[in-house]
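Here is the structure we will look at, set down as structure tokens.
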Amino acid sequence: MSVSVATAPFDGQKPGTSGLRKRVVVFQQEHYTENFVQAIFTAMPAPGAQGATLVVGGDGRYYMRDVVQKIIRIGAANGIARFIVGQDGILSTPAASAIIRKHSADGGIILTASHNPGGPTADFGIKYNTRNGGPAPESVTDAIYAATLSIKEYRQVALSAPVDLATIGCQHFDGFDVEIVDCVSDYVELTKTIFDFDLIRRFREQTPDFSLLFDALNGVTGPYAHRIFVDELGFSESSLEQCTPLEDFGGCHPDPNLTYADKLVARVEREKVSLGAASDGDGDRNMVLSHDWFVTPSDSVAVIAHYAAECIPYFQRLGLRGLARSMPTSCAIDRVAAAKGLEIFEVPTGWKFFGNLMDAGRLSICGEESFGTGSDHIREKDGIWAVVAWLNIIAHVNQTQPGASVRSIMRDFFQTHGRNYFTRYDYEEVAADGAAQMIDDLRAKGPALVGQTINGYTITDVNDFEYTDPIDHSVSRNQGLRVIFDDSSRIIFRLSGTGSEGATVRIYIERYDPTLFDLDAQVALKPLVDAALQISELTKYTGRTEPTVIT
Ligand code: VG1
Ligand code: CO
């Protein structure tokens, strides 16, 4: 039995870089979540919700299970015939993508605010993925937003009790089915077809000095990491830390970078760990480091692309079809593409922009500087995938260079391709007006900046990044303000589209050096960082003198 509930639009239900993210208390307002969920079903691409199969799951954060129940009730009333739900509502973002694809579902709803903190006073998020398993493109998120603006009612079925999310198996209801699936099985099966697990196992057995330390930051990847690193690859339980998903991530900020994964970083240094890694709340991000080297995400994807066709079975079988990065990501991967004669694409920030290229068979491996790395095995970035890729590469290189390490692999890479020094400065939760004004004024100042020399660097161009999708020709404008210098150095200014409060300013800084590999990135980039602060007058607009996070 389905009933209609009268409602009215809420302001600000516009999906950002990756879904709608707000404070939990915002989602808890009466009708707020229901409105957005109904808007998803209203806007579901043709042929729509009627008779469709929908995957539902999330990163385990506070409020998630309540929302799973709401989605089932509203989805069923909108005609969804079959829900595939992770046990206890749990699915990592990459696992959800894998399940949508494997079961030919019509889409999925992923409940996560990703790397944002969780808990009653922190963040929640809802994201819609389409049939290809990837984040909805802007045409769909625009339609969802439009539906939130005109909503007058939502429909839901009345159920006598909440759906049991704990018991694996299929439950039949009047007009629809709910299938509860093990949250890791499909994902682990897929991962095993991609990488050379035998090679990694042998390497581990033969190299007792090699140590792995993986930190899930109390996010969703704990169970996945346990199955893959411990059960399948044979690493010890002590290789895992913070691997139980917690509703509030144990109070930590589940963002894998040097600032927020400080516990891991300290242990990696202290215990001289060979490969340290972390992932974010929903498991799509990764950080890779060793006790003597921090691998920037921009370098990580380039190294994976460099070795993939040589040692990762999935790419040995399929070859490399093309490479891509988000615009602010460093150009290291461009050098790999050039060396291998591959197409390279530069897309706006946000994984949704890679999907069309993958679906068209033109993109194999891609990454973002924001700790996102992945391939066309699914349509989301994939944290565990990146860590296993590194294990596969390290094991492979050790066959011909015993003792090869993260550091030596990076050094070889720089010797072949040169080094793109990269850093990002984030100013989190500044006043939105000041931040927007800073970008507008910078845009206006652009033409006058061209030709100026600052700290030895001469500006040759200032522009707004605009992207035309090569497949569907859709155009995305204002995707970041770029200041380009005569030596190909770049400074990019962008406002985050994933924050839940105020604005976050991101400044991305990059410089290429063909010969010097051992500089500290902060030292190598200091003159450009100073130039960025000078050009933007950031302190004047935001009142901030220091960034919140440097990556
Ligand atoms: C950030 C990153 C972007 C990433 C997005 C979602 O977006 O910069 O590269 O795709 O988060 O990642 P923004 O708009 O805040 O810069 V996740 O792990 O939050 O799904
Ligand atoms: Co994430």
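Indexing begins at 1, ligand by ligand and atom by atom, following the structure's order. Computed from a prediction, not measured in an experiment: that's the story for all the values here.
Looking at S496 against ligand 1, both its backbone and its side chain come within 4.0 Å, counting heavy atoms. Residue contacts with ligand 1, taken as heavy atom pairs separated by less than 4.0 Å, do not involve M327 at all. With a 4.0 Å cut-off on non-hydrogen atoms, D280 touches ligand 1 through its side chain and not its backbone.
If you check the side chains of S114 and D282, you find a donor sitting under 3.5 Å from an acceptor. If you check the side chains of H253 and N116, you find no donor sitting under 3.5 Å from an acceptor. For the residue pair E138/S476, the side-chain donor-acceptor check at 3.5 Å is satisfied. Side chains of N420 and R335: a donor-acceptor N/O pair is present below 3.5 angstrom, by distance only. Looking at S326 and W351, their side chains never bring a donor and an acceptor atom within 3.5 Å of each other.
Taken to the nearest 0.5 Å, the CD1 atom of I40 stands 4.0 Å off from the CD1 atom of I109. Atom CG of D262 is separated from atom CG of N257 by 9.0 Å, given to the nearest 0.5 angstrom. Here CG of N356 is found 4.5 Å from CG of D472. Values are rounded to the nearest 0.5 Å.
Using a 4.0 Å cut-off between charged nitrogen and carboxylate oxygen, D441 and R443 do not count as a salt-bridge pair. By the 4.0 Å N-to-carboxylate-O rule, K263 lies too far from E241 to be salt-bridged with it.
Its N, O or S atom nearest to the Co ion (ligand 2) is what matters here, and for D284 that atom is OD1. Between the Co ion (ligand 2) and the N, O or S atoms of D282, the shortest distance is to OD1.
For the ligand labelled ligand 1, residue E380 lies outside the 4.0 Å heavy-atom shell.
The nearest non-hydrogen atom to atom 12 (O) of ligand 1, considering only H115, R494, K381, comes from K381.
Which parts of ligand 1 touch S370 is read off a 4.0 Å heavy-atom cut-off, strictly below it: atoms 2 (C), 3 (C), 4 (C), 8 (O), 9 (O). Shown in contact with G350 at under 4.0 Å from a heavy atom are these atoms of ligand 1, numbered in order with element: 10 (O). Applying the 4.0 Å criterion to heavy atoms of S18 picks out, from ligand 1, the atoms 6 (C), 20 (O). Ligand-side atoms of ligand 1 in range of S114: 17 (V), 18 (O), 19 (O), 20 (O), range being under 4.0 angstrom from any heavy atom. In the vicinity of R21, heavy-atom distances shorter than 4.0 Å reach the ligand 1 atoms 17 (V), 19 (O), 20 (O). Each of the following atoms of ligand 1 lies closer than 4.0 Å to a heavy atom of T349: 3 (C), 8 (O), 9 (O). Contact atoms of ligand 1 toward R506: 8 (O), 13 (P), 15 (O), 16 (O) (distance under 4.0 Å to a heavy atom of the residue).
At least one N, O or S atom of S114, from either the backbone or the side chain, sits less than 2.8 Å from the Co ion (ligand 2). For D280, the nearest N, O or S atom to the Co ion (ligand 2) falls under 2.8 Å.
Looking at Y63, F36, F124 one by one, the single match for ring-ring contact (aromatic ring centres under 6.0 Å, His included) with F27 turns out to be F124.
For ligand 1, the polar-atom distance check against D284 finds a nitrogen or oxygen pair separated by under 3.5 Å.
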